[in-house]
Amino acid sequence: MPKTAGAVGRKNADRSLGREIQRWYKAHHRKLPWRETKDPYRIWVSEVMLQQTTVPAVVPYYARWFELFPNIRALARSSLQQVLKAWEGLGYYQRARNIHRAARIICRKHGCSVPDEYEDLIALPGVGPYIAAAVLSIAYGKSYPVLDANVRRVGMRLYGILGKVNYRTDDILLERIRGLFPARNGGDFNQALMELGALVCRSHNPSCLLCPVRGFCRAYKRGEQEVIPAPRKRSYHRIETVIGIITDGRRYLVQKRPPDGLLADLWEFPGGKREKGETLREALHRELKEELDVEVGEAKLLLRVRHAYTRFQVSLFAFECELESVPKLTSPVHRWVSLRALKRLPFPSGSAKVVRFLEDRSSRKEQHRSTGS
Ligand code: SF4
């Protein structure tokens, strides 16, 4: 059947649009460490790290990761605690647990090489359509378009798709983006769209006047850049937690979180959430009674740390505690550890800041001692 003039026109427009995006990317993309390689292992790890985390935050973690786990075999042989420690501060720790599990599966089933087939990749823990498409296109040069928040935003604006992001808009976008895809270098094209969203077509104040595809953009023509995509309301729960810094003079008391659920397998100081109507000190007394069956004597507020994870905004109050009695620890989740050992355990971000505070305090004391001041 002969092609209609409309279909031919759209194909030509898609080709020009695709070319403009690629030209812009070549000239303007940021030099980032994971763009210097096609190693599937490095691409996979970088894409997992970049989910939910900003580029500047990922850069140092990326470098350290490959010093610790230079290849998949080394990662598979490491303990979960080592992997969680390397991830400490990046948040969404399930990602680290999944990478570790996936590495072991890759070594068992795929000879320690990241699979190059969609079905094999998607079967790995933590690998969804986005990660699979990113690895296949960037590392293996296959034609799989990716959809992340940046690509969705650029695409919805370009095509003037109103409303919120959902499965329907994803299907429309995937079809349109496939039409733009070049015959070769699909990975670069995916990265170009993501980069355009990160640097130019930002969610707020997009730089339309500098945009290489302004002439193709329906949202720009209609002045709808700021309302596409329709913003999602994000609600955060604010919580306050209290923790007890308990020491026997040489060691600190810490406990390991259960292997399932939020912040699984990470370490923490004893304590918990302040209940409604409680003062911070009352919450501390109750929590330590419940967790360790001890009464708190003196409790001095050491520091307050603010941090956010998933849907929570947390204020954490760390108290240095003197106890009325020595806790009888019967559960293996509790452990007395030296400051040096404390530094090696993986903690959630808030508690990791408390550990750094304890380290700094100890080095300051050491310095005073050595200078005799
Ligand atoms: Fe985004 Fe503006 Fe470019 Fe359209 S013209 S793609 S809204 S930056």
Side-chain angles (χ1 to χ4, degrees), residues 6-32 34-35 46-47 50-59 129-131 133-134 137-138 143-234:
V8 173
R10 178 169 144 184
K11 207 164 181 184
N12 287 339
D14 278 353
R15 250 189 233 131
S16 322
L17 172 57
R19 269 199 304 270
E20 285 307 324
I21 293 170
Q22 290 175 80
R23 244 198 300 267
W24 173 86
Y25 180 69
K26 238 181 185 166
H28 298 282
H29 72 268
R30 291 167 291 178
K31 303 241 176 307
L32 297 171
W34 45 91
R35 290 193 177 145
S46 68
E47 289 298 338
L50 286 163
Q51 285 199 312
Q52 325 269 6
T53 313
T54 62
V55 165
V58 165
V59 170
Y130 168 78
I131 299 275
S137 64
I138 300 170
S143 287
Y144 282 89
V146 299
L147 276 188
D148 74 345
N150 284 325
V151 177
R152 285 189 176 96
R153 189 169 58 254
V154 173
M156 285 178 78
R157 286 173 175 173
L158 270 175
Y159 298 115
I161 303 169
L162 292 163
K164 288 187 182 158
V165 171
N166 55 37
Y167 289 120
R168 190 186 61 82
T169 56
D170 274 3
D171 285 346
I172 298 171
L173 279 180
L174 276 176
E175 204 223 309
R176 298 301 305 255
I177 291 170
R178 274 195 199 103
L180 305 178
F181 239 63
R184 288 182 299 127
N185 296 333
D188 280 356
F189 189 74
N190 278 330
Q191 296 196 79
L193 275 176
M194 292 191 265
E195 193 76 335
L196 190 63
L199 300 184
V200 179
C201 193
R202 298 178 302 268
S203 49
H204 300 294
N205 298 323
S207 303
C208 297
L209 295 179
L210 301 175
C211 179
V213 293
R214 193 175 67 226
F216 298 84
C217 181
R218 292 202 187 153
Y220 176 72
K221 277 184 200 138
R222 304 195 302 230
E224 291 174 341
Q225 305 93 308
E226 293 280 359
V227 295
I228 297 180
R232 270 190 315 166
K233 278 205 186 101
R234 273 209 147 178

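In what follows, every heavy atom counts, from backbone to side chain, and hydrogens, waters and symmetry copies are set aside. Counting convention: from 1, in listed order, for ligands and their atoms alike.
With Asn166 contributing its side chain and Thr169 its backbone, the two residues share a donor-acceptor pair below 3.5 Å.
Pairs passing the ring pair (Phe, Tyr, Trp, His ring centres under 6.0 Å) check and including a residue from residues 148-168, sequence neighbours excluded, do not occur. Pairs engaging residues 182-216 under the ring pair (Phe, Tyr, Trp, His ring centres under 6.0 Å) rule: Phe181-Phe189 [sequence neighbours left out]. Applying the salt bridge (charged side-chain N to carboxylate O under 4.0 Å, His left out) rule to pairs touching residues 195-208 yields Arg30-Glu195, Arg35-Glu195, sequence neighbours excluded.
Within the protein, the N, O or S atoms lying under 2.8 Å from atom 2 (Fe) of ligand 1 are Cys208 SG.
You'll find the side chain of Ser203 reaches within 4.5 Å of the side chain of Arg153, heavy atoms only.
Tyr130 and Gln51 are not linked by any side-chain donor-acceptor pair at a separation below 3.5 angstrom, with hydrogens and angles left out of the test.
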